[in-house]
Engineer: 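One structure, as structure tokens, below. Some questions next.
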Amino acid sequence: MNSPRIIVTRRLPAPVEQDVVARYGAVLNADDHQFTRDELSAAMRESDIVLCTLTDDLSRPTLDAARGGRARLLANFGVGFNHIDLAAAKELGLAVTNTPGVLTEDTADHTLLLILAVARRAGEGERELRAGRWTGWRPTHLLGSRVSGKTLGIIGFGRIGRAVAARAHNGFGMKVVYHSRTPADSATERATGAVRCDSLENLLQQSDFVSLHCPATPETRHLINEARLRQMQPHAYLVNTSRGDVVDERALVAALDGKWIAGAALDVYDGEPRVNPQLLDRENVVLLPHLGSATIESRVAMGRRAIANIDAFVSQRPLPDRIA
Ligand code: DGY
């Protein structure tokens, strides 16, 4: 493909933008606003390649409105692709790629951060101190729960779930159980110390922490619903770094109100960046703004991976990370 026209839908780390502009003269989103559906459809009509990301609504109406346009590749910056209607993309003859692998370690680190923060009441402590309310050390001050040696239940045992298991087991001596459609091989189970649970119910009933690492699909929408929250232990915590719609947030609020669980730590939200106001003023909930992969190392690597897919597409080689 000669001189492809490329649009980048969000600002990217400087080295990545410099690279994609130097190679392809890509058009950047100077003010980093979130593209509307109309802007996305227009971008697809006018460009051969859209370097998109998870804030872009690439659902069927957006893609249908781009029919007959130039776009041939959606090179997604990010591993999750629930914002893209793959069936509609296929109908339009669009290839779709993502950026797996390069954000695994940072997202796993971030999950441990959330586990520790919610169990050790880090948010509460920091808010108290910054508000000038800290009156000094005392034996009963902000007592949390121990993490080391506890049981971590991991739902979804792909790259990130496994990296979390390895950290939890090898670093914190946690007992790790996991639930996934496909069992991991025995070498992976040995390396991560993880034992497969035959049912989700069994995992929920025995875990002190439940961490979500499954993709967002129609099957996993509201996987954590009222019935499942009621299966958790009253001292257990829910941690979500996957996608917001895996958790039914109304049921989560009820679970926190009813003390069915001890707390939650969330990095992702249903309909983000909107956050359910009923979560905002709770002390036993840690809330972060989708920062799982937010290190300069991961974000540059994600950009380079997206560009590697573009390079392959332009030179008509097999796409390294093709998902459709
Ligand atoms: C992804 O890549 O899908 C992540 O959610 C970004 O942090």
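Remember, it's 1-based here, ligands and their atoms both numbered in the order they're listed.
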Engineer: Give the residue, atom name and distance (to 0.1 Å) of the protein heavy atom nearest atom 3 (O) of ligand 1.
Structural biologist: Arg243 NH2, 2.6 Å
Engineer: His290 heavy atoms, cut-off 4.0 Å: which ligand 1 atoms fall inside?
Structural biologist: 4 (C), 5 (O), 6 (C), 7 (O)
Engineer: Within the 3.5 Å criterion, strictly below it, is a donor on Ser145 or Tyr237 matched to an acceptor on the partner's side chain?
Structural biologist: yes
Engineer: In terms of side-chain geometry, is the basic nitrogen of Arg133 or Glu124 positioned less than 4.0 Å from the acidic oxygen of its partner?
Structural biologist: no
Engineer: Look at atom 7 (O) of ligand 1 and say which protein heavy atom is nearest, naming residue and atom and giving the distance to 0.1 Å.
Structural biologist: Ser293 OG, 2.7 Å
Engineer: Do Gln34 and Asp57 come within less than 4.5 Å of each other through their side chains, counting heavy atoms only?
Structural biologist: no
Engineer: Could you tell me the residue and atom name of the protein heavy atom closest to atom 2 (O) of ligand 1, and the distance to it rounded to 0.1 Å?
Structural biologist: Val79 N, 2.7 Å
Engineer: Could an N or O of ligand 1 be found under 3.5 Å from any N or O of Gly80, whether backbone or side chain?
Structural biologist: yes
Engineer: What I want to check is whether the side chains of Asp208 and His235 have a donor and an acceptor closer together than 3.5 Å.
Structural biologist: yes
Engineer: Select one of side chain, backbone, both or neither to describe which atoms of Leu54 lie under 4.0 Å from any atom of ligand 1, heavy atoms only.
Structural biologist: side chain
Engineer: Are any of the N/O atoms on Leu103, whether in the backbone or the side chain, positioned under 3.5 angstrom from an N/O atom of ligand 1?
Structural biologist: no
Engineer: Among side-chain atoms of His33 and Asn29, is any donor-acceptor pair under 3.5 angstrom?
Structural biologist: yes
Engineer: Minimum heavy-atom separation for Arg11 to Ala30, with atom names?
Structural biologist: NH1-O, 3.2 Å
Engineer: Using the benzene-type ring in the case of Trp, are the ring centres of His83 and Phe81 under 6.0 Å apart?
Structural biologist: no
Engineer: So which bit of Thr107 gets within less than 4.0 Å of ligand 1, heavy atoms only: side chain, backbone, both or neither?
Structural biologist: neither
Engineer: By number and element, which atoms of ligand 1 are closer than 4.0 Å to a non-hydrogen atom of Gly78?
Structural biologist: 2 (O)
